[in-house]
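For clarity, every value in this text was computed on a predicted model and none was experimentally measured. This chain uses plain numbering: 1 for the first residue, then up along the sequence. Ligands are counted one by one from 1 in listed order, and the atoms in each one are counted from 1 as well.
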Amino acid sequence: MFKFLLFDLDGTLLQVDMRTFLKEYFRQLGVHLSPVIDPEELKEHLEFATYQMIVNQNPEKTNKEVFWEVFIDLVNLPQDYLESLIDEFYRDRFKNLMPYTQCKPEAPQVMDQAEALNYQLVLATNPVFPSSAIYQRMQWGGVDRYDYRLVTTYENMHFCKPNPCYYLEILEKVGAKPEECLMIGNDVDDDLCAAEVGIKTYLVEDFLINRNQRPFEVDYRGKLKDLPEFLKEAAGASRRT
Ligand SMILES: [Mg+2]
């Protein structure tokens, strides 16, 4: 039935309240960059540049390119210099944010089962972060050691969730048809919009986010711990057909 499983990370495989996490992220990055930028200004500019990245519709520019064009314009510092400071933050200090997340023991169990059943794996986290920040969070969640066909990062993607083009880009990159894929995530807006391009969806209800309290449709739903059984049944169903 499905060949490709697309997994969201934050709130799905890794337990994290992004509001608390981002607050602490801005605080710590603010401290790190305080010799060159006022922390309040930094936060404002980061939020604006991130927003521009999320609404970008230009397929010619990676998220990273969109982010830096906007960000550099606002902060008025040389990009090389600022980028090396930010790289340093991700290398040396990002790990201090780990206590604001919790690994879920079910997450590696789900991935083990998915690999055992020969599903192709995609880590479909919103690509608003550099790969180093994404791989570290995957490690915190115990899901970094799997053989992903694609991990979406701000370097390799041109769109963000909830833009349906984000999902089309995944399909193109891994050579999948929409009906071969299942998007598994906890966010009604960001993850269920995969349905707009014909991808089936599984809502993980452990930490369900429905920012706008909107009614929604989903193909499947359940707890993360229910997924191994679900995947087994889905694989069995496809073998029978
Ligand atoms: Mg999420």
Name of the Asp8 atom (N/O/S only) found closest to the Mg ion (ligand 1): OD2
With a cut-off of 2.8 Å, does Asn186 put an N/O/S atom close enough to the Mg ion (ligand 1)? yes
Taking 4.0 angstrom as the limit, do Lys161 and Asp189 come out as a salt bridge? no
Please identify which of these residues, Tyr25, Phe89, Phe94, meets the ring-ring contact (aromatic ring centres under 6.0 Å, His included) condition with His32. Phe89
State, without any angle test, whether Gln28 and Arg93 hold a side-chain donor-acceptor pair at a distance under 3.5 Å. no
Distance-minimising heavy-atom pair for Asn163 and Phe159: ND2-CD2, 3.5 Å
Considering only N, O or S atoms of Asp10, the one closest to the Mg ion (ligand 1): O
